[in-house]
Every structure is written in structure tokens, then in C-alpha cells.
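Keep in mind it's a predicted model, so treat the numbers as computed, not measured. Numbering of ligands and ligand atoms starts at 1, following listing order.
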Amino acid sequence: MDVPVHDVLIVGGGGAGLRAAIAIAEENPEITVAVISKVYPMRSHTVAAEGGAAAVIKGNDSLDDHAYDTISGSDWLADQDAVEVLVSEAPGEMIQMEHWGCPWSREPEGEVAVRPFGGMQTERTWYAADKTGFHMLHTLFQTSLKFDSIVRYDEWFVTGLVVEDGRPQGVTAIELKSGEVHAIGAKAVILCTGGAGRVYPFTTNSAIKTGDGMALAYRAGVPLKDMEFVQYHPTGLPGTGILITEAARGEGGILVNRDGYRYLQDYDLGEPLDLDDPLHPQKRTMELGPRDRLSQAFIHERAQGRTIDGPHGDYVNLDLTHLGERTITRKIPMVRELAVRYVGVDPVTEPIPVRTVVHYMMGGIDTDVEARTLLPGLFAAGECACVSVNGANRLGSNSLTELLVYGRRAARSAAQFVGEAPDVSLATLRTEQEAARQRISDWLSTGSSGDDTVAGLRSILNDTLEEGAGIFRDESSLQRACDGIRDLKQRFEKVRLTDTSATFNYELTAALELENMLDVGEAIAHSALARTESRGSHQRTDHPERDDERFLNHSLAYQTDREPRIDYRDVVITRWPPGKRTYGTD
Ligand SMILES: Cc1cc2nc3c(=O)[nH]c(=O)nc-3n(C[C@H](O)[C@H](O)[C@H](O)COP(=O)(O)OP(=O)(O)OC[C@H]3O[C@@H](n4cnc5c(N)ncnc54)[C@H](O)[C@@H]3O)c2cc1C
């Protein structure tokens with residue numbers, strides 16, 4: 001097979017990738033689009049999203065309120081121009097999804113139903129029961145099938161970006177069923193490779209979320225932005241890390257500690273509490289405080305000995321029993337399914353054990369509001385990108401919205417770019433293809449010499465990050481993480497591979513994913529070490545205060561031959577000057 005060439009190559013067949021592919025095909029059917037994905041597109045992590053996607057629809061809501069909630073929830077680190085784009089384009093995107101067949105849940109009168117979500121002042125989260133991601137991805141996938149200009153490479157693993165003359169020329173990739181290494185040419189590349197939760201040991205993220213696209217961009221000289229901000233979700237199932245969606249709390253679920261006490265009332269979730277007032281808005285909605293604050297409260301409860309000791313570590317209880325069987329079955333059926341299947345608990349009659357779990361990367365590939373990176377012709381959207389609308393803490397249900405809005409913007413920018421871009425260099429692509437083939441064949445033939453296994457190194461990386469760069473960090477823990485990762489990178493050079501087969505060689509892809517995770521982990525640890533303040537999900541016990549004088553800015557981690565170089569860029573403030581975080585009180 002000679003090198004196939006397309007106009008635009010999209011790496012990733014999740015929500016962002018498919019939204020981008022459709023937008024290009026709609027904009028100009030003459031532009032050829034390839035979507036390449038290491039799993040069949042419907043298995044992308046978007047399918048696992050449960051709770052919903054935020055967009056203003058109700059008469060008493062406003063774009064400014066959605067923007068304000070997002071910005072204050074981000075602890076003022078989100079770029080306000082990017083947030084304004086998000087909230088203003090969100091309703092149109094959601095209605096477009098409806099027209100493509102997404103079965104949004106409805107009110108009895110037929111209006112689109114919206115539910116409350118953490119950190120949002122009012123109900124604005126659209127949902128399709130609690131299988132929103134499944135329905136959204138299905139809708140996008142089926143719509144993409146209508147267009148002849150979109151071709152797919154399913155179960156192809158991208159190993160590298162081909163860059164020449166200061167712009168991408170395509171990628172190198174392994175066709176997993178044959179094991180063959182190919183180059184695929186394209187004038188523009190859009191990275192939509194999702195997050196990287198798997199760098200931590202306990203996560204809601206599916207096994208494929210290993211930060212591949214972030215590492216590809218980082219190695220190509222594009223900075224990774226705000227990598228120190230890692231979101232822990234307060235309600236994962238012990239043992240598996242499977243998510244119990246925030247919608248369970250949105251529908252009225254409460255969190256209680258070992259004494260059956262609703263402990264969140266003792267914590268500052270952004271507003272002073274009047275505990276004598278049972279109708280105080282926060283007392284009614286405290287479970288819907290921002291995720292960073294709720295996760296930090298769990299750690300405090302644990303330190304005070306008020307969590308429950310279980311076979312998979314400490315947990316607290318999420319009590320839904322007062323909601324009744326009808327609400328649970330109608331509004332959050334998957335929560336019941338998951339609790340029964342994975343912890344043997346029926347939430348209609350018993351509380352669900354839950355604990356904090358790594359959920360989302362606020363950081364990612366540095367892009368502007370047009371989804372452009374610093375490398376002309378390279379674009380990024382979805383969870384792998386950092387535009388930034390999430391700042392130091394993402395509000396639940398903004399991510400599905402982000403991948404629609406910015407997936408479409410990336411498509412528009414790429415379509416514009418290919419109109420003016422010169423042809424790709426086939427000679428370069430062939431050379432890179434050969435180099436990639438050689439590397440993998442050398443690795444498979446000599447890779448059995450070292451002592452370390454892929455699984456062994458990955459597990460050390462996971463523990464290094466959890467211990468050094470977890471919910472609470474300080475200088476010495478972060479320095480240990482940086483040193484540990486440097487050591488792991490050296491050991492990785494001699495990692496042992498025992499499977500030499502060509503077909504679906506998952507040991508090989510796991511090794512490539514580990515290489516990516518080491519780069520992502522390095523960027524997380526170094527960015528966190530350099531930020532000597534506490535903001536949102538980044539809590540430094542040695543620097544407990546937010547420091548707007550020095551750190552109202554984004555970190556940018558650049559790869560070098562040694563440690564990453566960390567630069568900073570000011571946050572874009574348009575209309576909302578930084579203030580104290582408040583939520584849910586109006
Ligand atoms: C359990 C769970 C529940 C969630 N619930 C919500 C929610 O209710 N609301 C909300 O707003 N957000 C939610 N989120 C977050 C949100 O779902 C994700 O951020 C979003 O779906 C990511 O979409 P994406 O298109 O960027 O990436 P993904 O859907 O993760 O897709 C990534 C794609 O990249 C491909 N890829 C990656 N690496 C390579 C490679 N090397 N070669 C080839 N292909 C590659 C993969 O095959 C895949 O197709 C949830 C997340 C989780 C984990």
C-alpha cells in the first residue's frame with residue numbers, strides 16, 4: 001500500500017473527532033476527510049458520558065449566567081473569550097444534535113428537559129436519561145455515515161506526527177489487525193484523542209485514555225497548557241472507579257459519612273453557610289458544589305477518621321433512597337444498573353459506597369479559540385485540547401458541549417487551512433514510514449532484553465503521580481514525582497516486550513501508550529511543581545492561597561532534551577474580574 005493522502009486527517013473518532021468530520025463534510029464536500037481511531041469509533045470514551053451537556057435553553061437562564069458559572073467554577077483561570085464562544089454556540093449545537101436524531105429527554109409538556117449540575121446556578125444540563133454520551137456519539141456516528149467524503153481507519157494506532165517545513169504532513173500509524181506500519185498524508189491534522197486519566201491508578205477513564213494526542217503534540221514542539229489541573233470526581237465506585245454520575249446528586253442524592261452525617265455542610269464550598277437556616281440555598285444544594293471542593297472534603301473526612309473502611313479503601317455513602325424507585329428508574333437508570341452490578345447495592349433501598357476518583361484533565365494541547373495550535377496546520381479539540389474553558393476546575397456537563405463547539409471550530413479552521421496549503425511531501429512521508437517500521441521491528445526483536453515489563457512500569461508511574469501529584473500536593477511530593485518519572489523514562493528505554501506477534505499486539509500498543517503517559521505525567525508533575533499557589537483542583541499544602549498577582553496565568557510546558565521548560569501566558573479577562581468563588585445561590 002502506497003501512502004494514502006487526504007486533505008484533513010482527524011485523529012480520534014469520539015465526540016470531538018466525529019463532530020469535526022461532519023462539519024468539514026458539510027462545509028465543503030470536495031475536502032477529503034479521514035478519521036483514524038485506535039478503537040471502533042463507538043467505543044471512544046464519549047460513549048461512557050452519563051449526566052449530560054450544558055447549554056442555555058430555559059427562559060430564566062442566560063448566556064452570561066452560564067459564562068459566569070463556568071468562569072467562577074474554573075477559579076478564574078478559564079479564558080473568558082473562549083467561554084463566551086462556548087456558551088453562545090452551545091444552544092445551536094444542541095439543537096443541531098436534536099435535528100440529527102439525538103433523543104434528548106423531555107418534560108411532560110414536550111419541552112427539552114434540563115437537570116441541575118454541580119456549580120451551575122440553574123438547571124441547564126440537557127440529558128438523554130443517564131446515557132447522554134452514548135446517544136450523542138451514536139447520533140454523530142450515524143450522521144457521519146451520510147457523507148462520502150469521510151473515510152475511516154478503524155483500529156489504527158497513530159504512533160507519530162510527521163512534521164516537515166514547520167507544518168504537519170500526516171501521521172504514522174499501525175494497522176492493528178495486520179501489524180503493518182503505514183504513513184497517511186494530510187495537509188491538516190486535527191487531534192481529537194481525548195484525555196489521559198489513565199496516568200493515575202484509580203480513574204473513571206476507559207483504558208484507551210492515555211494522552212496519546214497530547215504526547216504527539218508535545219513531541220512536535222507544541223506546548224501542553226495547564227497540565228497541573230487534574231479533576232477528581234467525588235463519586236466513583238470503590239474497586240473499579242466506575243463513575244456514579246453527578247446527575248445522581250442533581251436529582252437530589254446526598255453524601256453522608258460513617259455517622260450518617262451530611263458532612264458537606266461543614267465545608268466552605270464557595271459561600272458562607274448559615275447552618276441555622278434549613279432553607280439556605282447551599283444547604284439544599286451543597287452536594288452540587290464544584291467537584292474540586294467536594295473531593296477535597298472527602299480527603300478531610302478521611303483524615304478525621306469519618307469515612308468507612310472497605311475492602312477497596314475508604315468510602316462515604318451516596319444516599320438516593322429518599323428519591324423513590326420511580327425517579328431512580330426513570331431519571332438515572334444506569335446509576336441503579338451500575339450499583340447493582342458492580343457493588344451489589346440497589347440504590348432504591350440502600351446507599352451506594354463512593355470515593356474520589358480521577359476523572360478529567362483540564363489541561364491539554366494549547367489552542368486558541370479557533371482550535372489552532374502553535375504549529376500551522378495542526379488543530380486540536382475535545383478533552384485533549386486546552387482552549388481553555390475549564391481553567392482550574394471544569395464544571396460537569398461542559399465537556400460534551402465543548403467537544404461539539406470546538407470540534408466544529410477546529411473543522412472550520414482546518415478547512416480554511418487546506419484551501420491555501422501546499423501539497424504534502426510524499427518523500428518525507430515514505431521516509432518517516434520506514435523509520436517508524438524500523439523502530440517497531442527493532443523493538444519487537446530486541447525488546448525482550450530488559451528487566452521491566454510494561455505493566456510494571458505503568459503501575460509505578462500511576463503510584464508516583466497519585467502520591468506526588470494527587471488531590472493535595474507540596475514541593476517535596478512533586479519533586480519526588482518529577483524525579484521518579486525521569487527515572488522511569490530511562491527504564492522505559494529497555495522495557496521488555498514478550499509478544500512478537502503482528503496481529504492485535506496489545507503489549508506493543510500498551511508500550512507506546514506508556515511512552516505517551518510518561519510524557520504527559522512529566523508535564524503534569526513539572527507544571528504542578530512550578531505553580532506555587534492553590535487554585536481549583538491544584539491544592540498546594542505549602543502554598544494554600546490563590547495568588548492572582550503571580551499566577552493568574554496559564555502554564556505552558558514545552559518538551560526539551562532535559563526537563564520540560566515551563567512558560568506562562570496571561571488569562572484572557574473580558575467582562576468578569578477575578579473574585580471569590582460562589583455558586584448555586586441565586
Ligand atoms: C465515565 C465518564 C462520564 C462522563 N460524563 C460526562 C458528562 O455527563 N458530561 C460531560 O460534559 N462530560 C462527561 N465526561 C467527560 C467527557 O465525556 C469527555 O471529556 C469527552 O467525551 C471526550 O471526548 P473526546 O472526543 O475529546 O475524546 P474521546 O471520546 O475519548 O475519543 C478519543 C478518540 O481518540 C482516539 N485515539 C486516541 N489515541 C489514539 C491513537 N494513538 N491513535 C488513534 N486513535 C487514537 C480514540 O480511539 C477515540 O476515538 C465523562 C467522562 C467519563 C470518563
Next on the checklist: Which residues pass the ring pair (Phe, Tyr, Trp, His ring centres under 6.0 Å) test with His554, not counting sequence neighbours?
Outcome noted: none
Item to check | Qualifying residues under salt bridge (Lys or Arg N to Asp or Glu O under 4.0 Å), relative to Arg409, sequence neighbours excluded | outcome: Glu89, Glu370
Item to check | No-hydrogen, no-angle side-chain donor-acceptor test under 3.5 Å, Asp292 and His538 | outcome: no
Checklist entry - Centre of Tyr360's six-membered ring, under 6.0 Å away, within 45 degrees of the axis: is that where NZ or CZ of Arg291 sits? => result no
Starting from the N and O atoms of ligand 1, collect every protein N/O partner closer than 3.5 Å and put each pair on its own line with the distance to 0.1 Å.
| residue | atom | partner | partner atom | Å |
| --- | --- | --- | --- | --- |
| ligand 1 | 5 (N) | Glu50 | N | 3.4 |
| ligand 1 | 8 (O) | Gly51 | N | 2.8 |
| ligand 1 | 8 (O) | Gly52 | N | 3.0 |
| ligand 1 | 9 (N) | Gly52 | O | 2.8 |
| ligand 1 | 11 (O) | Ser399 | N | 3.1 |
| ligand 1 | 11 (O) | Leu400 | N | 2.8 |
| ligand 1 | 12 (N) | Arg394 | NH1 | 3.4 |
| ligand 1 | 19 (O) | Glu383 | OE1 | 2.6 |
| ligand 1 | 19 (O) | Ser399 | OG | 2.8 |
| ligand 1 | 21 (O) | Thr46 | OG1 | 2.9 |
| ligand 1 | 23 (O) | Thr46 | OG1 | 3.0 |
| ligand 1 | 25 (O) | Gly15 | N | 3.2 |
| ligand 1 | 25 (O) | Ala16 | N | 2.9 |
| ligand 1 | 26 (O) | Glu383 | N | 2.9 |
| ligand 1 | 29 (O) | His45 | N | 3.4 |
| ligand 1 | 29 (O) | Thr46 | N | 2.9 |
| ligand 1 | 29 (O) | Thr46 | OG1 | 2.5 |
| ligand 1 | 34 (O) | Cys192 | O | 3.4 |
| ligand 1 | 38 (N) | Asp212 | OD2 | 3.2 |
| ligand 1 | 41 (N) | Val158 | O | 3.2 |
| ligand 1 | 41 (N) | Asp212 | OD2 | 2.8 |
| ligand 1 | 42 (N) | Val158 | N | 2.9 |
| ligand 1 | 44 (N) | Lys38 | N | 2.9 |
| ligand 1 | 47 (O) | Ser37 | OG | 2.7 |
| ligand 1 | 47 (O) | Lys38 | N | 3.2 |
| ligand 1 | 47 (O) | Val39 | N | 3.4 |
| ligand 1 | 49 (O) | Gly13 | N | 2.8 |
| ligand 1 | 49 (O) | Gly14 | N | 3.4 |
| ligand 1 | 49 (O) | Ser37 | OG | 3.0 |
| ligand 1 | 49 (O) | Ser44 | OG | 2.7 |

Item to check | With Asp65 via salt bridge (Lys or Arg N to Asp or Glu O under 4.0 Å) - residues at least two apart | outcome: none
Next on the checklist: Salt bridge check, Glu123 against Lys58: does any charged N sit closer than 4.0 Å to a carboxylate O?
Outcome noted: yes
